[in-house]
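Data first, discussion second: the structure below is written as structure tokens.
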2 protein chains.
Amino acid sequence: MLTIKEIAEMAKVSRTTVSRVLNESGYVSEEARKRVLEVVEKTGYVPSQQAQSLRTKKTKVIGVVIPKLGTETAGRIVYGINDVLSERGYQILLTSTNLQTQKEIDYLRLLKSRQVDGIILIATNTNEELITEIKQLHLPFVAIGQDIPGVSSVTYDDFLAAKSITQLLIQRGRKSIAFIGVDEADQAVGLMRKQGYMDAIEEANLTICSEWMTKANFDIPSGYKAMAKIMNQTSESRRPDAVFCVTERIAIGAMQFLKEHGYQIPSQFSIAGIGASDISKYVEPALTTMDYENEVAGKEAAKFLLDQLEKNENIQKKVILNGRLIERNSI
Amino acid sequence: MLTIKEIAEMAKVSRTTVSRVLNESGYVSEEARKRVLEVVEKTGYVPSQQAQSLRTKKTKVIGVVIPKLGTETAGRIVYGINDVLSERGYQILLTSTNLQTQKEIDYLRLLKSRQVDGIILIATNTNEELITEIKQLHLPFVAIGQDIPGVSSVTYDDFLAAKSITQLLIQRGRKSIAFIGVDEADQAVGLMRKQGYMDAIEEANLTICSEWMTKANFDIPSGYKAMAKIMNQTSESRRPDAVFCVTERIAIGAMQFLKEHGYQIPSQFSIAGIGASDISKYVEPALTTMDYENEVAGKEAAKFLLDQLEKNENIQKKVILNGRLIERNSI
DNA sequence: TATGATTGTGGAATCGATTCCACATTAAGT
DNA sequence: ACTTAATGTGGAATCGATTCCACAATCATA
């Protein structure tokens with residue numbers, strides 16, 4: 001590997017001058033600049049990031065913590081982040097907690113010790129410990145998906161999304177709308193979406209049967225099970241005629257159950273979810289859902305982070321993204 | 001940020017001794033060791049990775065180049081890689097070429113300049129330039145998905161997968177089997193899968209109509225278009241009664257077209273693909289396909305890389321993973 | 001008791017960049 | 001012509017670790 005010293009010797013200047021040319025700082029004569037650039041060109045010299053970082057305290061690396069690799073949502077967010085970051089010469093150091101909440105904190109520390117310039121966390125909760133940890137990192141920080149007090153964040157309007165989609169169901173004449181949610185430690189998905197649902201129901205003066213409300217995790221089979229529970233627990237006369245699921249995958253699981261048990265969708269039963277990866281478009285019937293533009297969220301988060309980084313202000317920004325309603329055949 | 005110097009002062013030893021304790025190298029008295037550990041514990045000191053790397057030339061970071069972020073396949077591979085790597089204290093530096101072949105080389109260089117300890121490339125081609133570039137990186141390297149001469153790789157048996165699934169179609173009584181492939185610059189997906197298909201057809205003494213063979217890219221709409229082309233170009237009497245698509249998403253696009261145009265699947269027309277993310281299970285009818293265990297591929301690749309790294313041998317290993325046939329309702 | 005091996009510690013060089021400061025040269029202003 | 005200012009250049013310190021080498025102390029062996 002070539003070093004700046006060797007380049008300096010070859011161009012017959014000092015290391016200082018080479019550095020000046022490369023960083024466009026200080027005065028350098030046209031003469032010297034040309035010689036240096038020539039040598040750099042010819043040798044393909046690239047400065048060692050190690051050494052640079054050690055000196056400048058900047059690594060041009062952003063740590064990203066995601067809950068689970070291998071899902072389309074995560075992929076899209078990271079895609080958006082990468083899109084903005086790579087253009088400005090930043091790299092992504094990726095970690096995945098695999099849905100283990102407690103690992104979030106570990107990884108934040110790890111990333112700090114790796115001297116990342118900033119961190120983007122795709123958050124799944126708003127625990128006190130987590131917030132404390134974030135505070136004492138003293139690093140530019142952006143959260144996606146959850147509104148964390150005191151830090152910049154990009155969130156979705158989960159309340160509104162849930163409310164709108166529930167209202168759509170009501171508008172289509174459904175009166176008994178079941179609900180499949182997730183754990184409420186997840187503020188955004190668990191709590192806000194539930195509240196949106198409730199709000200729509202109440203405004204329309206509909207009633208909710210407690211048996212109609214269940215919980216699932218984030219995967220398809222758990223949606224299936226939750227739907228089964230709802231239908232099996234209620235006597236025939238009191239069964240719902242629609243279900244709102246807080247995520248797309250839960251909805252697909254629920255749909256699977258309904259189809260297998262002879263319910264006609266949408267003539268007899270309506271189903272709607274939130275989230276729009278490809279899968280929701282190609283199930284039969286295609287799922288009515290709310291599209292969160294994950295790429296956009298990723299991009300916004302990256303921009304916020306760069307703002308903090310480069311303007312060096314301790315600015316806190318919050319963006320709330322709205323979903324796009326996608327009406328398809330499941331209602 | 002604390003430095004080793006400060007720790008040394010606090011523990012009343014030299015920096016050398018602190019380093020020895022932390023790296024378990026050289027002689028250190030029980031006395032001194034204890035003092036150092038105490039201070040480290042109390043202060044929460046973590047050595048600067050920057051400085052360490054500069055000195056030791058090891059970063060504990062592995063560069064990963066993937067063709068496209070945001071797909072389930074990519075996600076799963078990265079998941080597998082991360083699983084193995086994180087356990088051994090390695091981190092992933094992620095880059096995505098967004099399907100621009102020429103960017104692959106750029107990123108390989110970039111990663112090298114970042115001093116990564118090794119690189120895993122999810123390859124989409126076997127260009128001469130790419131191979132040359134890989135050679136002159138002089139870095140531990142593993143390719144996934146394409147067999148690249150001279151480097152370790154984890155590949156799938158694309159020929160066999162394509163052949164088996166085509167044979168299955170034949171076995172079910174289909175005689176006119178169309179084919180939707182991709183560009184043959186992609187050895188694995190473009191070429192090998194095509195050959196597998198051809199081989200099965202020939203062995204069964206079936207004929208192929210040239211209008212039945214088309215190309216798509218990797219997305220769903222292109223599958224739709226390719227299928228449309230096949231059906232529109234052939235007169236009614238010579239239309240195929242089945243199609244083999246080289247990827248799952250192409251198959252889903254093709255299926256979409258067929259459904260929209262009134263073909264009954266599977267009674268009238270069969271369809272099969274390769275690749276098994278969730279989506280293929282929930283389309284209607286569920287897609288018969290070949291499952292490539294992407295997580296396993298990622299894990300194997302990571303293991304190979306660590307072998308090269310830690311045993312420091314210039315070993316070249318090749319693994320060919322077999323697919324798992326998943327029979328569902330589309331044939 | 002002298003000699004050599006083992007154990008323990010620190011000084012100082014090193015990795016490859018950036019940057020402060022001192023100094024030299026040239027141009028401009030009066 | 002003579003101070004100022006602007007322009008160019010390099011020496012050397014610095015970032016925070018690791019590691020070679022020299023040296024000291026202790027212990028075992030002949």
Side-chain angles (χ1 to χ4, degrees), chain A residues 1-40 43-61 89 91 110 112-117, chain B residues 1-40 43-61 89 91 109-117 138-139:
Chain A
M1 208 62 171
L2 279 162
T3 75
I4 198 174
K5 196 175 153 206
E6 299 170 279
I7 302 299
E9 280 161 12
M10 293 172 73
K12 300 198 211 314
V13 294
S14 74
R15 316 214 287 285
T16 310
T17 304
V18 175
S19 175
R20 285 209 189 97
V21 172
L22 263 27
N23 297 292
E24 289 168 355
S25 63
Y27 298 107
V28 181
S29 65
E30 212 33 66
E31 187 86 6
R33 151 170 282 109
K34 222 181 97 190
R35 283 209 310 278
V36 170
L37 287 178
E38 234 161 48
V39 175
V40 168
T43 56
Y45 163 75
V46 182
S48 149
Q49 282 272 351
Q50 295 330 305
Q52 270 179 327
S53 309
L54 180 59
R55 200 47 244 252
T56 61
K57 306 282 172 211
K58 302 243 162 290
T59 55
K60 290 245 165 191
V61 172
Q91 237 47 48
L110 177 69
K112 167 127 190 174
S113 91
R114 290 248 179 215
Q115 244 81 41
V116 296
D117 288 347
Chain B
M1 209 62 170
L2 280 161
T3 74
I4 199 175
K5 197 175 152 204
E6 298 169 280
I7 302 299
E9 279 161 12
M10 294 171 73
K12 299 199 212 314
V13 293
S14 74
R15 316 213 288 284
T16 310
T17 304
V18 175
S19 175
R20 286 211 188 94
V21 172
L22 262 28
N23 297 291
E24 289 168 352
S25 61
Y27 298 106
V28 181
S29 65
E30 210 34 63
E31 186 88 6
R33 151 170 281 108
K34 223 180 98 189
R35 284 210 310 279
V36 171
L37 287 178
E38 234 161 48
V39 175
V40 168
T43 56
Y45 163 75
V46 182
S48 149
Q49 282 272 352
Q50 295 332 303
Q52 272 180 325
S53 307
L54 181 59
R55 199 49 244 253
T56 61
K57 306 284 172 208
K58 302 242 162 290
T59 55
K60 289 246 165 192
V61 171
Q91 237 46 49
R109 294 209 182 124
L110 177 70
L111 289 172
K112 167 127 190 173
S113 90
R114 291 249 181 215
Q115 245 80 42
V116 296
D117 288 349
H138 296 293
L139 270 179

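Chain letters run A, B, ... following the sequence lines, proteins first, then strands; residues in each count from 1.
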Could you tell me how far apart E31(B) (CD) and dT26(D) (C1') are, to the nearest whole angstrom? 16 Å
Return whichever of G26(B) or L22(A) has its heavy-atom-nearest nucleotide of DNA chain C closer to the 5' end. G26(B)
Is there a donor on the side chain of R20(B) or the base of dG10(C) sitting less than 3.5 Å from an acceptor on the other? yes
Between S14(B) and A8(B), the two heavy atoms sitting closest are C-CB, 3.7 Å
May I ask you to say what K5(A) touches in the nucleic acid, namely base, sugar-phosphate or nothing, with a heavy-atom cut-off under 4.0 Å? nothing
Length of the line joining I4(A):CD1 and dT19(C):C1', which is rounded to integer Å: 11 Å
For E6(A), is there any backbone N or O sitting under 3.5 Å from a side-chain donor or acceptor partner on E9(A)? no
Can you see if the side chain of T16(B) gets near the phosphate of dT9(C) - specifically, an N or O under 4.0 Å from OP1 or OP2? no
Would you say dA5(C) has OP1 or OP2 under 4.0 Å from some side-chain N or O of Y27(B)? no
Donor-acceptor pair, side chain of S53(B) and main chain of Q49(B), under 3.5 angstrom: yes
May I ask you to say what Q52(A) touches in the nucleic acid, namely base, sugar-phosphate or nothing, with a heavy-atom cut-off under 4.0 Å? sugar-phosphate
Check whether any side-chain heavy atom of Q50(A) sits under 4.5 Å from a side-chain heavy atom of T59(B), and report yes or no. yes
Which nucleotide, dA17(C), dG16(D), dT9(D), lies nearest any side-chain atom of T17(A)? dT9(D)
Which part of the nucleic acid, if any, lies within contact of S19(B), taking any heavy atom under 4.0 Å across all strands shown: a base, the sugar-phosphate backbone alone, or nothing? base
Between S19(A) and R15(A) (side chain of the first, backbone of the second, donor and acceptor by atom type, cut-off under 3.5 Å), is there such a pair? no
Find the distance Q50(A):CD to dC15(C):P and express it as a whole number of Å. 15 Å
Here the distance between atom P of dT14(D) and atom CG of L54(B), to the nearest Å, is 17 Å
Distance check needed: dC15(D) P versus L2(B) CG, whole Å only. 14 Å
K57(A) side chain N/O closer than 4.0 Å to the phosphate oxygens (OP1, OP2) of dG16(D)? yes
Measure CD/E24(A) against P/dT7(D) and give the value in whole Å, please. 17 Å
Reckon S14(B) has a side-chain N or O less than 4.0 Å from the OP1 or OP2 of dG10(C)? yes
Does S29(B) place a side-chain N or O at less than 4.0 Å from the phosphate oxygens OP1/OP2 of dT9(C)? yes
